[in-house]
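Take a look at the structure set out below.
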Amino acid sequence: PASSDDVSAIVGLINGHWQALCGESKIEESEVRSWFFEAGVPQDDTQGWWDAGGELRAYAQVYKGDFPDHWDGFYDVTVDPAVGHDAVLWDQVFRWCDRRSQTLGVPDRERGLCRGARAHEADAAKLGQLERRGYDRVRLETLMRVPLVGRLAEPQWPAGIAVRAFDLTADLEPYAAAYAEAFAEHWGHGAMPLEERTRQFRAHFESWAEFLVPETWFVAVDGDEMVGSIGSFPGVGGDPTGSYVYRVFVRPAWRHRGIA
């Protein structure tokens, strides 16, 4: 298995992969380091493949998390573009992922394994390998950017709505409940008891360590009701002037009022 000792090599592999695809780096060491302390992701769920010279050529991590109940695993796989043609390496990577996902969720013998993976639209090697293994494209994710120049106007909140900083201690359970309600009909959402979702969120926030900047997380409230939230990660991808907006949601009864 890969470990937190391999963080620099993993960052180099993933950013090299993204540089080849779109000319940009994607992650920093603090983010990757948090993966090894993520709730529900034991170190056994990670694997690296090194060449004879000690160069990391592939990395995989298998998740069993907040996905549809019929998914036995989600495969996060990166292969060095320099060896993207190596069919034997791809076979080794996916064979390991399949074995690992079997330990995370015991599949129905008649159904077999049901698993998911993610690929960039420009990553022809990975898309080809996924399609060769029978994967279908079921969802398209789009990363959007907007430049923020000058002083921004103060938001005008709807009557009765107030926005304040997110309190990791006091707000965690109502945050988990509001999130579950807001994403109940979202693609890939999986139901779970509130206690377990709260536990997972607590572990998520704690694992982000210095990557989490509390001043960039907010909740919207209507009296005592938490009705929405937004958070962000400044400096993602190595850009100190940028911020990645994360977990934006508004509960259904409060939508279409300009809160988001």
Test: D123 and R118 ion pair at under 4.0 Å:
no
Rounded to the nearest 0.5 Å, what separates atom CD1 in I27 from atom NE2 in H17?
11.5 Å
First locate atom SG of C97, then atom CZ of F74, and finally report the distance between them rounded to the nearest 0.5 Å.
10.5 Å
Backbone N/O of G84 and side chain of W90: donor-acceptor pair under 3.5 Å:
yes
Distance from I14 atom CD1 to D80 atom CG, nearest 0.5 Å?
12.0 Å
Parallel, tilted or perpendicular: ring planes of F166 versus Y175, cut at 30 and 60 degrees:
tilted
Judged by atom type as modelled, is there a donor-acceptor pair below 3.5 Å linking the side chain of K126 to the main-chain atoms of V77?
yes
Any sub-3.5 Å donor-acceptor pair from D76's side-chain atoms to A60's backbone N or O?
no
Is there a chain of hydrophobic side chains (I, L, V, M, F, W, Y, each step under 4.5 Å between heavy atoms) that links V83 to L21?
no
Test your reading of the model: is there a side-chain donor-acceptor pair from D51 to the backbone of G53, 3.5 Å cut-off?
yes
Identify whether the distance between the nearest side-chain nitrogen and carboxylate oxygen of D171 and R164 falls below 4.0 Å.
yes
Restricting to non-hydrogen atoms, name the atom on I161 and the atom on A220 that form the minimum distance, rounded to 0.1 Å.
CG2-CB, 4.2 Å
Is it true that a side-chain atom of D6 and a backbone atom of S3 form a donor plus acceptor pair closer than 3.5 Å?
yes
Using the rule that two of Ile, Leu, Val, Met, Phe, Trp, Tyr join whenever any of their side-chain heavy atoms come within less than 4.5 Å, decide whether L143 and Y246 are in one cluster.
yes
Give the minimum heavy-atom separation between W157 and I259, together with the two atoms involved.
CZ3-O, 3.4 Å
Heavy-atom closest pair, residues S232 and T216
O-OG1, 2.8 Å
Apply side chain to side chain donor-acceptor pair (under 3.5 Å) to Q129 and R132, showing your working.
CA-CA 5 Å; Q129 291 293 331; R132 186 165 72 85; 3.0 Å; yes
Is F233 reachable from L168 through a run of hydrophobic residues whose side-chain heavy atoms are each under 4.5 Å from the next?
yes
Trace of the side chain to side chain contact (heavy atoms under 4.5 Å, CB included) decision for D91 with R133:
CA-CA 10 Å; D91 287 342; R133 289 169 170 78; 2.4 Å; yes
ILVMFWY network linking Y135 to W96, side-chain heavy atoms under 4.5 angstrom
yes
Taking atom CZ of F249 and atom CZ of F183, what is their separation to the nearest 0.5 Å?
7.0 Å
Mind listing the closest non-hydrogen atom pair of A2 and T46 along with its distance?
O-OG1, 3.0 Å
Can you list the steps and then say if I230 with R247 is a side chain to side chain contact (heavy atoms under 4.5 Å, CB included)?
CA-CA 6 Å; I230 185 172; R247 284 187 183 165; over 6 Å; no
Considering non-hydrogen atoms only, spot the tightest contact between L13 and V79 and give its length.
CD1-C, 4.4 Å
SB check R255 E185 (cutoff 4.0 Å)
no
Please evaluate residues S25 and W18 with respect to the criterion side chain to side chain contact (heavy atoms under 4.5 Å, CB included), reporting the C-alpha separation (whole Å), side-chain torsions for both, the decisive distance (0.1 Å), and the verdict.
CA-CA 6 Å; S25 294; W18 280 87; over 6 Å; no
Hphob cluster co-occupancy, M226 + W254, side-chain heavy atoms under 4.5 angstrom:
no
What heavy-atom pair brings Y75 and V62 nearest, and what distance separates the two atoms?
CD2-CG2, 4.0 Å
Nearest 0.5 Å, please: how far is CG in L212 from NE2 in H204?
13.0 Å
Tell me whether the count of non-hydrogen atoms from other residues, nucleotides or ligands lying under 6.0 Å of CD in E29 goes above 12.
yes
Determine whether Q92 and L89 satisfy the following criterion, side chain to side chain contact (heavy atoms under 4.5 Å, CB included), listing intermediate values before the conclusion.
CA-CA 5 Å; Q92 291 175 350; L89 177 59; 4.0 Å; yes
More than 12 non-hydrogen atoms from neighbouring residues, nucleotides or ligands closer than 6.0 Å to OH on Y244, yes or no?
no
I need the E121 CD to T142 OG1 distance, nearest 0.5 Å.
8.0 Å
